[in-house]
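Report on the following structure.
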Amino acid sequence: MADRFDIVVAGAGHNSLVAAAYLAKAGYRCLVLDGRPVLGGNVVTEELTLPGFRHDSCGTAHVILQDNPMMRDDELGLADYGLEYIHPEIVCHAPFLDGSWLTQYHDIDRTVEQFAKFSKKDAAAYRRMIAEYEAVKPLFDAASYMPIGFGKPVNDRLAEHPDGRKWLRRQARSAWEIIRDNFEDDHSRCFMLWMALQTVTPPEWPMTGRLAYSLVWGRQHWSWCIPKGGSGVLTEILVRLIEDHGGVALTDKMVERLIVENGRCVGVECADGSSYRAGKAVLSTIHIKHLIDMAPRELWANDFYDSVETWQGGPTLFVQHYATSEPMTFAGDGGPITPIACAMLSEPTRALRMGYDFARGAANVDEPVLLAVSPTIGDPTQAPPGKHTIKIIGMQPYDLKEGPQHWDNIKHEVAAANLDWLRRFSPNLTDDKILASVIESPLDLERRNPHNWHGSCHGGAQNAAQAAALRPAPGWAQHRMPIPGLYQTGSTTHPGGSISGGPGRNAAAVMLKDFGKNLDELVAQRADRAAQATAPA
Ligand SMILES: Cc1cc2nc3c(=O)[nH]c(=O)nc-3n(C[C@H](O)[C@H](O)[C@H](O)COP(=O)(O)OP(=O)(O)OC[C@H]3O[C@@H](n4cnc5c(N)ncnc54)[C@H](O)[C@@H]3O)c2cc1C
């Protein structure tokens, strides 16, 4: 290709697209390459089952993303491209085996009333925990949406806050301990534990304490927030923005090798034999486990290499997509209800058995812990009139004791058991209402996207050993890789997985700094221009 590009972006997940969008706005020409036929990684909407049924193949909830300054202040002008969010009034419905339920509403007073059905003390605890987290949330956000080393680490920020010492202890504890100690009733505990699980981290792990607050706060504040048109609308818009600034995005370009000249990364080579050179830098969202095989061993610093070798995949998901002729329907207050999301956790200690199942490499369909989400409830345009898309997500280990390949033998059996469990609460979803289905085991998730290494939807475990300044490797958390000219973004970097855009914005901030520019100034210029455009003549 005769075209000249400043930045070659290897992999088109939402984070690398976010980074490329900031770089494009700063005047750099970006070439984005992805190995798949569709851009967007885990943030894509595809007709997986039948024509007209637009399924979010992986991520649906854009809750965490809303706190990114990119969204909060519309720094990239994505609203001008038509990015619009839907915030359903019923956030999530948790049905229980005894026939009762707890519904979370976007209106906090209604949610608190639901807790009060089971315990007045728990109702007060819910309101208190939401308020407590809100008071310190800006400190956590500031640390997440800032590259490592650019500002104070979160513990230093907490130490300066009047309640900071309490939070130093809270975040070091497990979500399980916090929920057990704050709630007395098992229904309340189930709901809170299930929420704390939403970033696929077992609630008994140390350093999960904040998740007992942050995930439920996010759903309470933003609801089960989805983009109009499907999850993939976000990445489609980011690609359009990059192209509008002179960039190019190519599909079916699996990067296999880094081009290194005079010790500097200057481009990439793809599986089809094509190669692309970058005038300034290469930005990768290739999984670090694959990246280190794409350049000679001696070019990687020893400590970086060691950290990648010891990287852990962590807990993994099992996904079922359905096209249906009816919505999921549950017993609720005032009669049948059709929520966008359903939380299934049979009893509190069931949440603790998941970590054990992962350790012994066993698929477990005994009272499975499930999320069922139906974006068509919030946005009916995602399926033909009156029809629905439903996605059931469970946690199952990639590493079965028989080996990951065994998933191909058992996935339909596991899917059937999960669907039966959902039917226990939504009995209307009989076989005749199911028009088509697609099942993806943890192994299939890795086949779909090589960045889902060992099935992990977050690039790897989000535990104390792989968080913040230790992600992806101690000493290498600033997006600059050991080979000069090569930068890393995506969920293997701080602040990790989920649809947050954090690793993308942070990587852009580091790269712009290295190029002698400043992301905050870039953003302020746009804000000034917007203010001038709207000022009265
Ligand atoms: C089933 C499922 C449900 C989820 N639900 C949610 C949710 O509701 N809310 C939420 O916040 N998060 C959710 N997540 C997690 C979230 O979607 C991911 O953590 C996040 O999207 C990862 O983004 P990323 O930018 O790191 O890269 P990815 O989305 O992983 O994209 C990486 C891209 O790089 C490409 N690539 C990799 N290697 C190469 C190579 N060698 N050459 C070329 N291209 C390459 C891949 O093809 C891919 O397109 C879910 C994930 C899954 C799997």
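All values below were derived from every heavy atom in this structure, side-chain atoms included, with hydrogens, water molecules and symmetry-related copies excluded. First listed ligand is number 1; within each ligand, the first listed atom is number 1. The chain is numbered in sequence order, starting from 1.
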Quick one: is the NZ or CZ of K513 closer than 6.0 Å to the six-membered ring centre of F150, and within 45° of its axis?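 Output yes; distance and angle both within limits.
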F5 six-ring face occupied by R277 cation (under 6.0 Å, within 45°):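 Output no; distance or angle outside limits.
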Give me the nearest non-hydrogen protein atom to [atom] as residue plus atom name, then the distance to 0.1 Å.
atom: atom 40 (C) of ligand 1; result: M254 SD, 3.4 Å
atom: atom 11 (O) of ligand 1; result: I499 N, 2.7 Å
atom: atom 34 (O) of ligand 1; result: G11 CA, 3.4 Å
atom: atom 31 (O) of ligand 1; result: G13 CA, 3.2 Å
atom: atom 43 (C) of ligand 1; result: G35 N, 3.2 Å
atom: atom 23 (O) of ligand 1; result: H14 ND1, 3.3 Å
atom: atom 27 (O) of ligand 1; result: H451 ND1, 3.3 Å

Would you please test W217 and Y213 for ring-ring contact (aromatic ring centres under 6.0 Å, His included) and show each step? CA-CA 6 Å; W217 184 94; Y213 297 82; over 10 Å; no
Test your reading of the model: is there a side-chain donor-acceptor pair from [X] to the backbone of [Y], 3.5 Å cut-off?
X: T493; Y: S491; result: no
X: D34; Y: L39; result: no
X: Q312; Y: T310; result: yes
X: Q478; Y: I148; result: yes
X: T235; Y: V43; result: yes

Criterion side-chain contact (heavy atoms from CB on, under 4.5 Å) against L283, the qualifying member of M511, M481, Q488: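 Of all the options given, the one that passes is M511.
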Identify which one of I286, I483, V255 satisfies the side-chain contact (heavy atoms from CB on, under 4.5 Å) criterion when paired with L291. I286
Mark up the atoms of ligand 1 that fall under 4.0 Å of a heavy atom belonging to [X], in ascending order.
X: V43; result: 21 (O)
X: G59; result: 3 (C), 4 (C), 5 (N), 6 (C), 7 (C), 8 (O), 13 (C), 50 (C)
X: G490; result: 26 (O)
X: G41; result: 29 (O), 31 (O), 48 (C), 49 (O)
X: H458; result: 15 (C), 19 (O)
X: C457; result: 15 (C), 18 (C), 19 (O), 51 (C), 52 (C), 53 (C)
X: A12; result: 33 (C), 34 (O)
X: V255; result: 40 (C), 41 (N), 42 (N), 43 (C)

Taking a cutoff of less than 4.0 Å between a non-hydrogen atom of the residue and any ligand atom, is K253 in contact with ligand 1?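 The answer is yes, since K253 has a heavy atom less than 4.0 Å from ligand 1.
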For H290 and ligand 1, answer yes if some heavy atom of the residue is under 4.0 Å from a ligand atom, otherwise no.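 In this structure, H290 fails to qualify as a contact of ligand 1 - no heavy atom is under 4.0 Å.
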Looking only at distances, can you tell me whether any N or O atom of [X], backbone or side chain, sits closer than 3.5 Å to an N or O atom of ligand 1?
X: T60; answer: yes
X: N449; answer: yes
X: S16; answer: no
X: S491; answer: yes
X: A61; answer: yes
X: P450; answer: no
X: A10; answer: no
X: N15; answer: yes
X: D34; answer: yes
X: L317; answer: no

CD1/I377 to OG1/T389 distance, rounded to the nearest 0.5 angstrom?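 The OG1 atom of T389 is 9.0 Å from CD1 of I377, to the nearest 0.5 Å.
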Once you round to the nearest 0.5 Å, how far does NE2 of H451 lie from OG of S456? 9.0 Å
I'd like to know whether the aromatic ring centres of H479 and Y487 sit less than 6.0 Å apart in this structure.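 Centroid distance H479-Y487: not below 6.0 Å, so no.
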Between F318 and W407, is the ring centroid distance below 6.0 Å?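 Here the rings of W407 and F318 have centres that are less than 6.0 Å from each other.
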Would you mind finding which of G496, S57, C58 brings a heavy atom closest to atom 3 (C) of ligand 1?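 Closest candidate by heavy-atom distance is C58.
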Which option out of N42, L234, L250 puts a heavy atom nearest to atom 17 (O) of ligand 1?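 When every heavy atom of N42, L234, L250 is considered, N42 comes closest to atom 17 (O) of ligand 1.
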Sidechain N-carboxylate O distance under 4.0 Å for K411, D444: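 Answer for the salt bridge query: yes.
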Worked verdict on Q220 versus T111 for side chain to side chain donor-acceptor pair (under 3.5 Å): CA-CA 9 Å; Q220 185 59 61; T111 307; 3.3 Å; yes
Side chain, backbone, both or neither: which applies to H287 and ligand 1 if a contact is any heavy-atom pair less than 4.0 Å apart? neither
Is V319 touching ligand 1 with its side chain, its backbone, both, or neither, if touching means heavy atoms under 4.0 Å apart?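 Within the 4.0 Å criterion, V319 contacts ligand 1 through side-chain atoms alone.
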Looking at H454 and D399, what are the two nearest heavy atoms and their distance?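 For H454 and D399, the tightest heavy-atom pair comes out as ND1-OD2, 4.4 Å.
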Non-hydrogen atoms of A461 and Q466 that approach each other most closely: O-NE2, 2.9 Å
